[in-house]
S.K.: 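First, the structure itself, so that you have it in front of you.
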Amino acid sequence: MATTRTRERLRFGLWFVAGSAAVWFAIQGGEYGTIDLLRQRQQRQRLTHEIDSLRRIVDSLRQYKQRVLNDPRTQERIAREEFGMVRGKELLYRFAEPDSQ
């Protein structure tokens, strides 16, 4: 009688372990497990933030492009700063380091 009871307990224990493993695999296993879904959510939030930042940068660059193409003040500032251009009777002074000889 003790042997049958032990076998039943063993059988129940094995079924319990197998059932627990099946439930765990259903929740955690595979490509769409809970941990993977949490990682994907974090990655999506990070990418959304990155996309928003890049959109702001692109918008500001578009505005700058329009100013370069259409705004005379911006065009003059670039001409003076980048190319050293001057107007009519203005003088341009350049300071250079003396040669070390």
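When reading the values below, keep in mind they use all heavy atoms of this one structure, side chains included, and skip hydrogens, waters and symmetry mates. One-based numbering along the sequence shown.
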S.K.: Using the side-chain hydrogen bond (donor to acceptor under 3.5 Å, both in side chains) rule, collect all pairs that involve residues 79-92, keeping only residues at least two apart or in two chains.
M.R.: Glu76-Arg80, Glu76-Arg87, Arg77-Glu81, Arg80-Glu90
S.K.: Just list the side-chain donor-acceptor pairs under 3.5 Å for residues 41-50, sequence neighbours left out, or say none.
M.R.:
residue, atom, partner, partner atom, Å
Arg46, NH1, Glu50, OE2, 3.2
Thr48, OG1, Arg44, O, 2.7

S.K.: Taking side chain to side chain contact (heavy atoms under 4.5 Å, CB included) as the test, write out the residues that go with Phe83, two or more places apart.
M.R.: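 With sequence neighbours excluded, Phe83 shows a side chain to side chain contact (heavy atoms under 4.5 Å, CB included) to Ile78, Met85, given in chain and number order.
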S.K.: Who else is in Ile35's hydrophobic cluster (ILVMFWY, side-chain heavy atoms under 4.5 Å, direct or via others)?
M.R.: none
S.K.: Roughly how far apart are Arg11 CZ and Thr4 OG1, rounded to 0.5 Å?
M.R.: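 Interatomic distance, Arg11 CZ to Thr4 OG1, rounded to 0.5 Å: 10.5 Å.
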S.K.: Who are the side chain to side chain contact (heavy atoms under 4.5 Å, CB included) partners of Arg67, not counting sequence neighbours?
M.R.: Gln63, Tyr64, Asp71, Thr74
S.K.: Not counting sequence neighbours, which residues clear side chain to side chain contact (heavy atoms under 4.5 Å, CB included) with Arg62? List them please.
M.R.: Val58, Asp59
S.K.: Distance check, rounded to the nearest 0.5 Å: Gln66 atom CD versus Leu61 atom CG?
M.R.: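 Reported to 0.5 Å precision, the distance equals 12.0 Å.
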